[in-house]
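Both counts, for ligands and for their atoms, begin at 1 and track the order of listing. Just so you know, these numbers come straight off a predicted model, no measurement behind them.
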Amino acid sequence: MHDDSTDRIFDEIVEYPDPEIKRRYNRLVGLEVMKARLVKEAMMRLQPSSLEDWSQRHFKESLPALAYFQRRPPLFVLAGDVGTGKTELAETFGDEVARKTRIPILLHSLSLTARGTGAVGEMTRLISAAFGILKSQAEPVANDTRANAGHILLIDEADALAQSRESAQMHHEDRAGVNALIRGIDDLAEGRRPVLIVMCTNRLSALDPAVVRRAAATFEFTRPNAEQRRMVLRYAFPEHICSESEMTRIVELTGESSKLGVGFSFSDLTQRLIPSVILAAYPDHGISGDLIGTIASQTKPTPAFTGE
Ligand SMILES: Nc1ncnc2c1ncn2[C@@H]1O[C@H](COP(=O)(O)OP(=O)(O)OP(=O)(O)O)[C@@H](O)[C@H]1O
Ligand SMILES: [Mg+2]
């Protein structure tokens, strides 16, 4: 099939390490637990020999339990509200893995157009082709060695692909697509290939239970608490621009309230509030705590994601 269709399966492939991506990864606030887990899992997957060494060191044998670990589907589900860092984390943690292991990592994002044009058989064919390409690139890694390269398969907005087969309205063709996805995940797991699959979704409940069951971990992303909002805002507006007491007021203004309901999401801060402040000040004025507070009180947080 290739040439033409291969082009459409993945967005542009990203290679880590990359200094710009490191900067984005470091700027993520409040995701320490998820960062540590993803990086550790990837490291263990890429360097089976280090797991083997650990087993030998502590138990003087290769623990039978290791086989269960290695054959588990390397699938991670990042779920939660809009603008909370799911895509940003999925697109950047590979950089940290590449730096820690000194193994180059490639990110393959299943492109939106891979969702198909609706033609019968299209989605199934594209999913199978995506897994086929990964399989051909990611050679199995034996117990006593390390991978030459690692791969991350990112399936963003995964509910569009992995919708529950239980859902009554689901078209027969979509069911076949989910089945292809499950087969692809199992196949990569069995093959001990240096691949991590990351799925992002706003609606965990819409994902097929068979897909969710396969996940090694499911992470729940939420809007920032007061301390996290302060970190993001402080990074943008240091103390010489906005005093501590003004900042406290802005942190409150951007939080949950009976008037607004939910508080600001991370993206409400980084993609709306902060740029709006700059727009309001440029080119004739400076930025003050007052200005930030005024803009914050005029900005409405994105409503919580509630499904359709
Ligand atoms: N934890 C965070 N710390 C700092 N900034 C964040 C964080 N999460 C999100 N942002 C900011 O919000 C922007 C959007 O985040 P991202 O695209 O990851 O959201 P998302 O969770 O994928 O949302 P959606 O469900 O709408 O796709 C990021 O580019 C970043 O600027
Ligand atoms: Mg996203």
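Atoms of ligand 1 found under 4.0 Å from any heavy atom of N202 (numbered from 1 in listed order, with element): 25 (O). Of all atoms in ligand 1, listed by their number and element, those nearer than 4.0 Å to a heavy atom of R27 are 3 (N), 4 (C). In the vicinity of V29, heavy-atom distances shorter than 4.0 Å reach the ligand 1 atoms 1 (N), 2 (C), 3 (N), 4 (C). Contact atoms of ligand 1 toward S267: 12 (O), 13 (C), 14 (C) (distance under 4.0 Å to a heavy atom of the residue). The atoms of ligand 1 that sit less than 4.0 Å from any heavy atom of E157 are 27 (O). Numbered from 1 in the order shown, with element, the atoms of ligand 1 that lie under 4.0 Å from a heavy atom of L31 read 1 (N).
Atoms CG and OG, on N143 and S62 in that order, are 6.0 Å from each other to the nearest 0.5 Å. With rounding to the nearest 0.5 angstrom, the CG atom of L38 is 6.5 Å from the CG atom of L78. The CG atom of D144 sits 7.5 Å away from the OG atom of S49 when rounded to the nearest 0.5 Å.
Annotation: side chain of F219 is not in contact with side chain of L31 (no heavy-atom distance under 4.5 Å). With contacts defined as side-chain heavy-atom distances shorter than 4.5 Å, the pair L196/F93 qualifies. In this structure the side chain of V77 never reaches within 4.5 angstrom of the side chain of V211, judged on heavy atoms. Under the 4.5 Å side-chain criterion, counting only non-hydrogen atoms from C-beta, Q137 is in contact with H151.
Under a 3.5 Å cut-off, the side chain of K22 and the backbone N or O of P17 do not form any donor-acceptor pair. D187 places no side-chain N or O within donor-acceptor distance of the main-chain N or O of G184, the cut-off being under 3.5 Å.
Within a 6.0 Å radius of CZ in F59, more than 12 heavy atoms belonging to other residues, nucleotides or ligands are found.
Stacking of R72 on the aromatic ring of F69 is recorded, both the 6.0 Å distance cut-off and the 45° axial limit being met.
For G83, the heavy-atom gap to ligand 1 drops under 4.0 angstrom.
With hydrogens left out, the protein atom closest to atom 31 (O) of ligand 1 is T270 OG1, 3.0 Å, a heavy atom. In this structure, the protein non-hydrogen atom closest to atom 6 (C) of ligand 1 is F266 CB, 3.4 Å. Closest protein heavy atom to atom 21 (O) of ligand 1: K86 NZ, 2.7 Å. The nearest protein atom to atom 17 (O) of ligand 1, hydrogens excluded, is given as T87 CB, 3.8 Å; this is a heavy-atom distance.
Within the set E88, E91, M231, R229, the minimum heavy-atom distance to atom 29 (O) of ligand 1 is found for E88.
Under 4.0 angstrom from ligand 1, the non-hydrogen atoms of V82 come from both its backbone and its side chain. At a heavy-atom distance under 4.0 Å, no atom of D156 approaches ligand 1. Heavy atoms of L28 found under 4.0 angstrom from ligand 1 belong to the backbone as well as the side chain. Only side-chain heavy atoms of Q271 come within less than 4.0 Å of ligand 1; its backbone N, CA, C and O stay farther off.
For ligand 1, none of its N or O atoms has an N or O atom of L89 under 3.5 Å away.
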